[in-house]
Amino acid sequence: MSSDNRKVVVVFGATGTQGGSVSRAILGDPDTSRQFQVRAITRDPSKPAALALAQLGADVVKASLNEKDEIYAALQGAYAVYLVTNMEAFDYAAETRQGKLVADVAKELEIRHLIWSSLPHISQITDSKLTGAVHWDGKAVVNDYIRSLAIPHTIINIGVYASFIIDFFLAPLSTDPPTLSLCLPEPANINTLLPVVDAAADVGKFVKGILLRPKETIGKQFDVAERYYTGKEIVETLNKLGRSVVCQTLPKETFKAALASRGLPEFFQEDLCQVFQYIEEYGYFHNNTVEEAREIASEPLISLEEAFRRHLELVKLGDK
């Protein structure tokens, strides 16, 4: 507990997409801000996003996910932890090490609720048919580790960021007239279902609901998204917003070549191709639904159209 008797929630990646959403959701709700004190973890407390959280009432703390001593200090006296890792410099193995390290410290300090942001275990679900989706599997390995330590926990699998669709899968197709292509690798196609979430706006709503309902959420796993959309619906939504977009299914090698032209390493090219093969053959959340998590969130979520509109406005302003 903090000195004012609120429960301390440690939020890693507090200046990023997910951690920022969690921090703002708690700080911006009068009820939850009376119950919880946000301890926002960042490597640079002087950056604008960290200063903004401090102004909202967060306790901003400098720490690295690679340093046990810093993690230990960050978790001292905490009730709960929100843990998200990023594949920096395409080092997917580092995410696994970081997740396990925080889990070890959480176990040692008897943290009451560890909330871990993860993804489905593709190699396990496909019985080792697909073993190249290493950035998904690297996160999922931590799931089993957390369970083995018997830490009170909740795992959330995150759907596709709406912003990621615009930033990563749209490519210029022609200039006369200006047309964009939503590029998907075979066997994905216009009917492939993708669970989409405006992560910056909505991940915090799910996590806040999880924190407020521990008896219903500890020991469980939730699939987080606003809802499922087909490639066709994604294209139609972008066209409704004034963009001329078509959906293109590319042969795997063509898709990989496009990624290579953007400087992405070969392993990640194969990673993404296997992710889409998995999605098409097994389903993103492997036959699970998003309804249970939506009930936990218990707040209106941002629609795909609104998420795209918001992100396109940010891109236009040069804040991509």
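Rounded to the nearest 0.5 Å, atoms CD1 (I156) and OG (S118) are 9.5 Å apart. Put simply, NE2 on H135 and OG1 on T96 are 11.5 Å apart, with the number rounded to the nearest 0.5 Å. The distance from the CZ atom of F164 to the CG atom of L194 is 11.0 Å, given to the nearest 0.5 Å. Of the inter-residue distances, the one linking R294 atom CZ with K205 atom NZ reads 10.5 Å to the nearest 0.5 angstrom. Considering CD1 of I26 and OG1 of T32, their distance stands at 6.5 Å, rounded to 0.5 Å. One distance of note links CG of D271 with NZ of K256; it measures 10.5 Å at 0.5 Å rounding.
Judged purely by distance below 3.5 Å, without hydrogens or angles, the side chains of T42 and D44 never pair a donor atom with an acceptor atom. When only modelled atom types and interatomic distance are considered, N143 and H153 share no side-chain donor-acceptor pair under 3.5 Å. Between E305 and T237, the side chains place no donor N or O within less than 3.5 Å of an acceptor N or O (distance only, hydrogens not considered). Between the side chains of D137 and S123, at least one donor-acceptor pair of N or O atoms lies under 3.5 Å. Side-chain contact check for T230 and N191: no donor-acceptor pair (N or O, by modelled atom type) lies under 3.5 Å. Side-chain atoms of N66 and Q98 form a donor-acceptor pair, as typed in the model, at a separation below 3.5 Å.
In this structure, T179 contributes its side chain and S244 its backbone to no donor-acceptor pair below 3.5 Å. In this structure a side-chain-to-backbone donor-acceptor pair under 3.5 Å is missing from Q18 to A200. Between the side chain of Q37 and the backbone N or O of K7 there is no donor-acceptor pair closer than 3.5 Å. Remark: side-chain polar atoms of D127 are not paired, donor with acceptor, to backbone N or O of I125 under 3.5 angstrom. No donor-acceptor pair closer than 3.5 Å links the side chain of R34 to the backbone N or O of R6. N189 contributes no side-chain N or O that, together with a main-chain N or O of T249, makes up a donor-acceptor pair within less than 3.5 Å. Proximity of a side-chain donor or acceptor of T154 to a complementary backbone N or O of T217 within less than 3.5 Å is detected. Remark: side-chain polar atoms of R262 are paired, donor with acceptor, to backbone N or O of F168 under 3.5 angstrom. In this structure, the side chain of D223 does not engage the main chain of N157 through any donor-acceptor pair within 3.5 Å. Between the side chain of Q274 and the backbone N or O of T131, at least one donor-acceptor pair lies under 3.5 Å.
Of all non-hydrogen atoms in A225 and V290, the two that sit nearest each other are CB-CG1, 3.9 Å. When every heavy atom of G99 is checked against every heavy atom of T85, the shortest pair comes out as N-CG2, 4.4 Å. Minimum heavy-atom separation, I41 to A63: CG2-CB, 3.6 Å. The two residues G13 and V84 come nearest to each other via the heavy atoms CA-CG1, 4.5 Å. Here the closest heavy-atom approach between residue R213 and residue I296 is recorded as NH1-CA, 3.6 Å. Scanning both residues, L119 and A140, for their nearest heavy atoms gives O-CB, 3.5 Å.
The side-chain heavy atoms of D144 and I146, taken from C-beta on, include no pair separated by under 4.5 Å. K129 has its side chain within reach of Q277: a pair of non-hydrogen atoms, C-beta onward, lies under 4.5 Å apart. Between L312 and R243, the closest side-chain pair of non-hydrogen atoms falls below 4.5 Å. No side-chain heavy atom of S33 sits less than 4.5 Å from a side-chain heavy atom of L27. In this structure the side chain of L180 never reaches within 4.5 angstrom of the side chain of L182, judged on heavy atoms. With contacts defined as side-chain heavy-atom distances shorter than 4.5 Å, the pair V38/Y82 does not qualify. Using a 4.5 Å heavy-atom cutoff, the side chains of M87 and E95 are in contact. Counting heavy atoms from C-beta outward, E186 and E280 have side chains that stay 4.5 Å or more apart.
By the 4.0 Å N-to-carboxylate-O rule, K107 lies too far from D104 to be salt-bridged with it. K232 and E236 are joined by a salt bridge, as a carboxylate oxygen and a charged side-chain nitrogen come within less than 4.0 angstrom of each other. Salt-bridge annotation for D91 and R97: present, with a side-chain N of the basic residue lying under 4.0 Å from a carboxylate O of the acidic one. Checked for salt-bridge contact, E70 and K62 miss the test: no charged N lies under 4.0 Å from a carboxylate O. Residues E306 and R309 are paired through a salt bridge, judged by an N-O separation under 4.0 Å between the basic side chain and the carboxylate.
Using a 4.5 Å cut-off between side-chain heavy atoms of Ile, Leu, Val, Met, Phe, Trp and Tyr, with links allowed through other members, I190 and V245 fall into different hydrophobic clusters. Hydrophobic clustering (side-chain heavy atoms under 4.5 Å, transitive across Ile, Leu, Val, Met, Phe, Trp, Tyr) groups L193 together with V224. Linking Ile, Leu, Val, Met, Phe, Trp and Tyr whenever their side-chain heavy atoms come within less than 4.5 Å puts L101 and V142 in one cluster. Linking ILVMFWY side-chain heavy atoms closer than 4.5 Å, directly or via other members, places F276 and V246 in two distinct hydrophobic clusters. A continuous path of hydrophobic side-chain contacts links V10 to Y72 [ILVMFWY only; heavy atoms under 4.5 Å].
Relative orientation of the Y282 and Y278 rings is parallel, given thresholds of 30° and 60° on the angle between their planes. Between F169 and F255, the angle of the ring planes stays under 30°, which puts this pair in the parallel group of the 30/60° scheme.
Geometrically, K100 engages Y145 in a cation-pi contact defined by less than 6.0 Å to the ring centre and at most 45° from the axis. Taking the ring axis of Y229 as reference, the NZ or CZ atom of R227 stays within 45° of it and closer than 6.0 Å to the ring centre.
Residue W136 is tested with Y284, F285, F268 for a ring pair (Phe, Tyr, Trp, His ring centres under 6.0 Å); the sole match is Y284.
Residue R43 places its CZ atom among 12 or fewer non-hydrogen atoms of other residues, nucleotides or ligands, all under 6.0 Å distant. Surrounding CD of E110 are at most 12 heavy atoms belonging to other residues, nucleotides or ligands under 6.0 Å away.
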Verdict with supporting geometry, R310 and I302, side chain to side chain contact (heavy atoms under 4.5 Å, CB included): CA-CA 10 Å; R310 290 183 180 194; I302 302 299; 3.4 Å; yes
Chi angles and distances behind the side chain to side chain contact (heavy atoms under 4.5 Å, CB included) call for L211, Q35: CA-CA 10 Å; L211 285 169; Q35 296 180 56; over 6 Å; no
Step-by-step side chain to side chain contact (heavy atoms under 4.5 Å, CB included) determination, L184 to Q248: CA-CA 6 Å; L184 302 175; Q248 278 192 312; over 6 Å; no
Residues I234, F308; criterion side chain to side chain contact (heavy atoms under 4.5 Å, CB included); working and verdict: CA-CA 10 Å; I234 290 169; F308 280 166; 4.0 Å; yes
